[in-house]
A.B. asks: 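So that we are looking at the same thing, I have put the structure below in structure tokens.
Source: prediction; values computed, not measured. Atom set for the values below is all heavy atoms of this structure, side chains included, hydrogens, waters and symmetry mates excluded. A, B, ... follow the sequence lines: proteins, then strands. Residue 1 opens every chain.
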Protein chains: 2
Amino acid sequence: MLQMETNRTYSNVIARLRASGLRPTRQRIALAKLLFDDGDRHVTAELLHAEAKTANIRVSLATVYNTLHQFTEAGLLREIVVDSQRCYFDTNTGEHHHFFFEKSNRLEDIPADEIVVTSLPSAPDGTEIKSVDVVIHLS
Amino acid sequence: MLQMETNRTYSNVIARLRASGLRPTRQRIALAKLLFDDGDRHVTAELLHAEAKTANIRVSLATVYNTLHQFTEAGLLREIVVDSQRCYFDTNTGEHHHFFFEKSNRLEDIPADEIVVTSLPSAPDGTEIKSVDVVIHLS
DNA sequence: ATAGCTGCAAATGCTTTGCAAGGCC
DNA sequence: GGCCTTGCAAAGCATTTGCAGCTAT
């Protein structure tokens with residue numbers, strides 16, 4: 001059962017990578033599994049690298065960075081900016097917002113329907129709204 | 001007239017520094033004038049340092065960083081996080097939100113009344129909402 | 001075979017820090 | 001004078017890059 005689940009997501013992962021034009025290499029597959037097998041997650045490069053090491057996947061930190069950015073460009077991840085010292089990547093690419101726990105440097109999703117932003121200003125002149133990010137800082 | 005204005009803000013600046021428990025040193029006074037004399041501004045350390053140089057104020061980059069943080073702690077500035085590579089400081093400490101122009105790495109204020117956030121989720125367990133930051137990314 | 005990946009280590013860029021010299025009260 | 005501030009240069013960190021070797025197709 002667990003094995004079946006693993007195989008299913010393994011194939012999914014490869015399919016997703018191919019669909020994004022990314023070669024399904026050993027490292028990308030392993031990182032994608034860590035990222036996407038467990039529901040919505042928020043990771044930093046450092047954290048994901050540590051997880052890979054724990055899972056006996058040998059991958060360099062540079063490759064983790066490269067992979068996270070490639071996944072983000074491919075639309076598999078979303079980058080969240082809450083802290084000027086660290087990059088966070090969110091496996092939930094849908095519309096939603098975030099709690100940021102300043103004490104623990106941790107992010108948590110807020111479902112889109114729990115925050116309603118009414119009366120948005122329109123985008124200035126020749127610009128276009130790319131995203132509306134709401135971060136609730138908690139102390 | 002312009003001179004009077006300058007003197008007035010000069011005194012204001014010294015008073016504000018004293019009120020915040022900061023010694024009004026030459027560098028702090030000069031930086032405070034650059035920051036607070038021209039209405040609401042968004043600066044990075046690098047930018048402020050360049051402005052100081054242009055204005056013939058000799059101040060080291062390290063001092064600019066230290067000063068920006070001291071001002072922030074004193075409540076004279078607010079730190080805005082929009083880019084994981086750079087710290088932005090906003091002279092407008094009141095409630096409001098931001099446009100971020102990704103092409104030019106520039107911030108612009110959105111008055112508080114132009115964005116209405118209804119139905120905020122409540123803060124989890126033992127936490128407290130410190131701030132609700134809305135950033136509209138423009139491309 | 002070959003174009004694309006990966007690993008390592010070095011480089012980069014922003015920010016902080018240590019310490020001696022200088023300036024405000 | 002005493003203590004806080006400053007400047008400089010060096011250190012610190014997260015992230016990126018260059019390049020030789022490896023791998024998926």
A.B. asks: Can you find an N or O donor on one side and an acceptor on the other, under 3.5 Å apart, linking the side chain of B:Arg86 with the base of C:dC14?
C.D. replies: no

A.B. asks: State whether B:Thr25 places a side-chain N or O below 4.0 Å from either non-bridging phosphate oxygen (OP1 or OP2) of D:dC4.
C.D. replies: no

A.B. asks: Roughly how many Å is it from CG in B:Leu22 to C1' in D:dT6, rounded to a whole number?
C.D. replies: 14 Å

A.B. asks: Let me spell it out: for each of B:Arg23 and B:Val64, pick the nucleotide of DNA chain D with the closest heavy atom. Which residue's pick is nearer the 5' end?
C.D. replies: B:Arg23

A.B. asks: Does some side-chain heavy atom of B:Gln27 sit less than 4.5 Å from a side-chain heavy atom of B:Thr67?
C.D. replies: no

A.B. asks: Just by distance, no angles: are the side chains of B:Asp109 and B:His42 close enough, under 3.5 Å, to form a donor-acceptor pair?
C.D. replies: yes

A.B. asks: Taking ring-ring contact (aromatic ring centres under 6.0 Å, His included) as the test, write out the residues that go with A:Phe89, two or more places apart.
C.D. replies: A:His69

A.B. asks: Please give, in whole Å, the distance from D:dG7 P to B:Asn66 CG?
C.D. replies: 10 Å

A.B. asks: Minimum heavy-atom separation for B:Ala123 and A:Leu138, please, with both atom names.
C.D. replies: CB-CD2, 3.9 Å

A.B. asks: Tell me what A:His49 touches on the nucleic acid: a base, only sugar-phosphate, or nothing, going by heavy atoms under 4.0 Å.
C.D. replies: nothing

A.B. asks: In whole angstrom, give the distance that lies between atom CD of A:Gln70 and atom P of D:dT15.
C.D. replies: 16 Å

A.B. asks: Would one find a side-chain N or O of A:Gln27 under 4.0 angstrom from OP1 or OP2 of C:dG7?
C.D. replies: yes

A.B. asks: Let me check the geometry of the helix from C:dA1-D:dT25 to C:dC25-D:dG1. What is the bend angle between the axes at its two ends, five pairs each, to 10°?
C.D. replies: 30°

A.B. asks: Counting only side-chain N and O atoms of A:Ser60, is one of them less than 4.0 Å from OP1 or OP2 of C:dC8?
C.D. replies: no

A.B. asks: Please state whether the rings of A:Phe100 and A:His137 are parallel, tilted or perpendicular, taking 30° and 60° as the class boundaries.
C.D. replies: perpendicular

A.B. asks: Any chance the side chains of B:His98 and B:Asp90 put a donor and an acceptor closer than 3.5 Å?
C.D. replies: yes

A.B. asks: Side-chain donor or acceptor of A:Arg26 under 3.5 Å from a matching atom on the base of D:dA24?
C.D. replies: no

A.B. asks: So, is B:His69 near the phosphate of C:dT15, with a side-chain N or O under 4.0 Å from OP1 or OP2?
C.D. replies: no

A.B. asks: Closer to the 5' end of DNA chain C via nearest nucleotide, is it B:Pro24 or B:Tyr65?
C.D. replies: B:Tyr65

A.B. asks: Is A:Arg28 near enough to C:dC5 that one of its side-chain N or O atoms lies under 4.0 angstrom from OP1 or OP2?
C.D. replies: yes

A.B. asks: Should A:Val13 and A:Phe71 be regarded as members of a common hydrophobic cluster, given that ILVMFWY residues are connected when their side-chain heavy atoms come within less than 4.5 Å of each other, either directly or indirectly?
C.D. replies: yes

A.B. asks: Could you state the CG-P distance from B:Leu61 to C:dG13, rounded to the nearest angstrom?
C.D. replies: 14 Å

A.B. asks: Hey, is the side chain of B:Gln85 poking within less than 4.0 Å of OP1 or OP2 on C:dT12, counting only N and O atoms?
C.D. replies: no

